[in-house]
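Notes follow the structure.
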Amino acid sequence: MKTIDELLSEGVSGKRVFVRADLNVPLADGVITDDGRIRAVLPTVKALAEAGAKVVVASHLGRPKGAPDPAFSLLPAAERLGELLGAPVAFAQDTVGPAAHEAVDGLEPGQVAVIENLRFNAGETSKDDTERGEFADRLAALADVYVGDGFGAVHRKHASVYDLPARLPHYAGYLIATEVGVLKKLTDDVKRPYVVALGGAKVSDKLAVIDELLGKADRLLVGGGMAYTFLKAQGHEVGISLLQEDQIPTVTEYLERAAKNGVELVLPVDVVASTEFPDLKTKAPTEHVVVDADRIPADHEGLDIGPRTRELYASKLADAATVFWNGPMGVFEHPDYAEGTKAVAQALVDSDGFTVVGGGDSAAAVRTLGFDESAFGHISTGGGASLEYLEGKTLPGLAALED
């Protein structure tokens with residue numbers, strides 16, 4: 001895999017460089033609430049612009065239906081990119097049409113343009129190779145060189161991620177090179193003890209990675225909504241907590257395999273529970289209780305790990321040489337149920353080991369809860385991509401960057 005440093009050494013002055021970024025930032029009424037993914041691609045965009053390239057930045061945002069939708073416009077991301085660069089950024093109101101060509105043709109060396117949301121064109125996500133290829137051909141007409149730096153999308157077989165690199169000289173940007181280097185530390189030559197903390201809503205989202213980690217991790221801490229399927233598999237009542245009954249046989253097998261393999265699989269010993277799900281907009285206080293994990297009342301829902309579990313998990317993370325964390329421990333967006341996620345994040349900050357926050361909601365939680373990002377070894381920009389890499393899958397966007 002060639003890197004951007006090799007591209008820069010070859011010279012890019014005056015060349016049109018297509019940067020496939022991941023600007024899929026969260027928006028609230030058109031306002032960006034977390035610009036982490038934009039900041040993550042800055043080193044690549046800056047280096048290319050400073051070397052005199054005409055930089056064409058492209059990304060998806062949200063899940064529009066293959067047609068323009070103002071709610072998913074990349075304009076706010078383009079404006080924020082310009083603010084962070086300290087330089088004007090041109091914005092094209094289409095992906096491969098007249099506006100895109102006009103914006104790119106108008107670039108001087110060192111200038112940057114952003115084209116509109118790639119998913120406004122059905123060819124971007126099409127499962128039909130021909131349709132996807134035709135869109136890639138039209139994107140290729142905008143550039144001389146391709147730089148892949150949208151790690152959060154490399155697990156997708158999409159036109160701009162998979163098909164476009166085959167049509168242009170291609171290189172990995174700084175972000176992708178960093179992300180792959182970090183993930184190799186979690187798979188190839190892991191320093192032990194290796195502790196993995198998994199949370200999030202559904203256990204089904206993490207089955208494949210759990211299956212893989214049962215042969216690699218020393219300790220596996222489970223929290224979030226997915227924990228209740230594990231607790232149910234142990235024979236405990238979980239009230240009205242999030243539960244995937246159909247996954248109980250698989251989870252039971254995982255519990256048995258963990259014991260057989262000597263992997264310490266740790267579940268909550270107490271939870272914060274309520275009869276109502278909190279209002280995440282108003283953040284209004286809710287009635288809630290702390291109960292033992294095996295004594296959740298029938299009319300209560302577990303919404304966070306409890307104080308004893310927070311201490312337990314912190315102790316299980318304290319001696320780790322390597323930590324990977326993906327998924328919040330509870331409904332961290334509400335102050336009544338944020339303490340579990342905060343405790344795990346703090347345990348990573350306090351750790352002397354190599355700590356990786358596995359993107360997605362975990363990365364959002366770190367920022368929402370006010371942690372200094374530099375206190376962690378690495379904060380990934382791609383939750384789904386990170387998990388699929390750890391599962392041992394071939395990621396289309398990385399495969400496309402190989403020579």
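Being a predicted model, the structure only gives us computed values, none of them experimental.
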Begin with the C-alpha distance, continue with both residues' side-chain angles, and end with the deciding distance and a verdict on salt bridge (charged side-chain N to carboxylate O under 4.0 Å, His left out) for Lys232 and Glu245. CA-CA 8 Å; Lys232 184 70 172 180; Glu245 295 255 14; 5.1 Å; no
Please step through side chain to side chain donor-acceptor pair (under 3.5 Å) for the pair Glu301 and Ser274, ending with a clear verdict. CA-CA 5 Å; Glu301 177 179 10; Ser274 177; over 6 Å; no
Worked check of side chain to side chain contact (heavy atoms under 4.5 Å, CB included) between Glu237 and Ile296: CA-CA 7 Å; Glu237 290 303 323; Ile296 301 174; over 6 Å; no
May I have the step-by-step check of salt bridge (charged side-chain N to carboxylate O under 4.0 Å, His left out) for Glu339 and Arg310, ending in yes or no? CA-CA 8 Å; Glu339 292 303 316; Arg310 293 170 215 153; 5.0 Å; no
Apply side chain to side chain donor-acceptor pair (under 3.5 Å) to the pair His60 and Arg20, showing each step before the final yes or no. CA-CA 9 Å; His60 70 287; Arg20 202 330 180 163; 3.2 Å; yes
Going through the checks in order, is the side chain to side chain contact (heavy atoms under 4.5 Å, CB included) test met by Ile176 and Leu401? CA-CA 10 Å; Ile176 278 187; Leu401 293 175; 4.1 Å; yes
Trace of the side chain to side chain contact (heavy atoms under 4.5 Å, CB included) decision for Phe324 with Leu387: CA-CA 10 Å; Phe324 175 74; Leu387 288 176; 4.1 Å; yes
Could you walk me through whether Val19 and Val56 pass the side chain to side chain contact (heavy atoms under 4.5 Å, CB included) check? CA-CA 6 Å; Val19 177; Val56 183; over 6 Å; no
Apply salt bridge (charged side-chain N to carboxylate O under 4.0 Å, His left out) to residues Lys316 and Glu264 and explain how you reach the verdict. CA-CA 10 Å; Lys316 297 295 183 182; Glu264 189 179 359; 2.5 Å; yes
Kindly indicate, with the supporting measurements, whether the criterion side chain to side chain donor-acceptor pair (under 3.5 Å) is fulfilled by Asn326 and Ser362. CA-CA 6 Å; Asn326 180 278; Ser362 309; 4.8 Å; no
For a salt bridge (charged side-chain N to carboxylate O under 4.0 Å, His left out) check, start with the C-alpha distance between Arg138 and Glu134, then their side-chain angles and the critical distance, and finish with the verdict. CA-CA 6 Å; Arg138 297 181 71 187; Glu134 289 172 352; over 6 Å; no
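For the pair Lys216 and Tyr194, the cation-pi test (distance below 6.0 Å, angle within 45°) is failed.
Counting heavy atoms from C-beta on, the side chains of Lys206 and Met226 come closer than 4.5 Å.
With a 6.0 Å radius and a threshold of 12 heavy atoms from other residues, nucleotides or ligands, Glu391 has its CD atom above the threshold. Applying the 6.0 Å contact sphere to CG of Asp189 captures no more than 12 heavy atoms from other residues, nucleotides or ligands. No more than 12 heavy atoms of other residues, nucleotides or ligands lie within 6.0 Å of OH in Tyr162, so this atom counts as exposed by the packing criterion. The environment of CZ in Arg39 is crowded: more than 12 heavy-atom neighbours from other residues, nucleotides or ligands sit within 6.0 Å.
Across every non-hydrogen atom of Ala338 and Asp304, the tightest pair is N-OD2, 3.9 Å. A pairwise comparison of heavy atoms in Val12 and Leu48 identifies CG2-O, 4.3 Å as the closest pair. Scanning both residues, Leu255 and Gln234, for their nearest heavy atoms gives CD1-CG, 4.0 Å. What you find for Ile210 and Phe230 is that their closest heavy atoms are CD1-CZ, 4.1 Å. Summarising the geometry of Ala92 relative to Ala100, their closest heavy-atom pair is CB-CA, 3.5 Å, with the distance given to 0.1 Å. Counting all heavy atoms, side chain and backbone alike, Ile115 lies closest to Thr95 at CD1-O, 3.5 Å.
Here the CD atom belonging to Gln244 is positioned 10.0 Å from the OG1 atom belonging to Thr250, to the nearest 0.5 angstrom. For the atom pair CD1 of Ile38 and CG of Leu42, the computed distance is 8.5 Å after rounding to the nearest 0.5 Å. Atom OG of residue Ser13 and atom CD of residue Glu50 lie 13.0 Å apart, to the nearest 0.5 angstrom. The distance from atom NZ of Lys157 to atom CG of Leu395, rounded to the nearest 0.5 Å, is 13.5 Å. The CG atom of Asp294 sits 11.5 Å away from the CG atom of Leu267 when rounded to the nearest 0.5 Å. Here CG of Leu312 is found 7.5 Å from CG of Leu221. Values are rounded to the nearest 0.5 Å.
Applying the side-chain hydrogen bond (donor to acceptor under 3.5 Å, both in side chains) criterion to Glu276, with sequence neighbours excluded, gives no partner residue. With sequence neighbours excluded, the residues forming a ring pair (Phe, Tyr, Trp, His ring centres under 6.0 Å) with His288 are Tyr337, listed by chain and number.
Counting only N and O atoms by type, the side chains of Thr309 and Asp270 include a donor and acceptor under 3.5 Å apart. For the residue pair Tyr254 / Gln247, no side-chain donor-acceptor distance below 3.5 Å is found, with atom types taken as modelled. Glu124 and Ser160 share a side-chain donor-acceptor pair at under 3.5 Å. Between the side chains of Asp336 and Thr286, at least one donor N or O lies within less than 3.5 Å of an accepting N or O. Side chains of Asp5 and Tyr171: a donor-acceptor N/O pair is absent below 3.5 angstrom, by distance only. In summary, the side chains of Arg132 and Ser126 do not present any donor paired with an acceptor at a separation below 3.5 Å, with no hydrogens or angles considered. Under the 3.5 Å distance criterion, with hydrogens and angles disregarded, a donor-acceptor pair is assigned to the side chains of Ser386 and Ser380. Between Glu287 and Thr275, the side chains place no donor N or O within less than 3.5 Å of an acceptor N or O (distance only, hydrogens not considered). Ser374 and Asp372 are linked by a side-chain donor-acceptor pair at a separation below 3.5 angstrom, with hydrogens and angles left out of the test.
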Name the atoms and distances for all side-chain donor-acceptor pairs under 3.5 Å in residues 68-82, with sequence neighbours left out.
from  : atom 1 : to     : atom 2 : distance (Å)
Asp69 : OD1    : Ala71  : N      : 3.0
Ser73 : OG     : Leu75  : N      : 3.1
Ser73 : OG     : Glu116 : OE2    : 2.9
Arg80 : NE     : Asp35  : OD2    : 2.9
Arg80 : NH1    : Glu83  : OE1    : 2.9
Arg80 : NH2    : Asp35  : OD2    : 2.9

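Note: Tyr146 and Phe18 have parallel aromatic rings, judged against thresholds of 30 and 60 degrees for the angle between ring planes.
Results of the salt bridge (Lys or Arg N to Asp or Glu O under 4.0 Å) test with Asp144 over Lys15, Arg167, Arg16 single out Arg16 as the only residue that passes. Tested against Asp319 for a salt bridge (Lys or Arg N to Asp or Glu O under 4.0 Å), the candidates Arg219, Arg192, Lys191 yield a single pass: Arg219.
Within the 3.5 Å criterion, the main-chain N or O of Glu108 finds a donor-acceptor partner in the side chain of Gln111. Proximity of a side-chain donor or acceptor of Asn261 to a complementary backbone N or O of Leu214 within less than 3.5 Å is detected.
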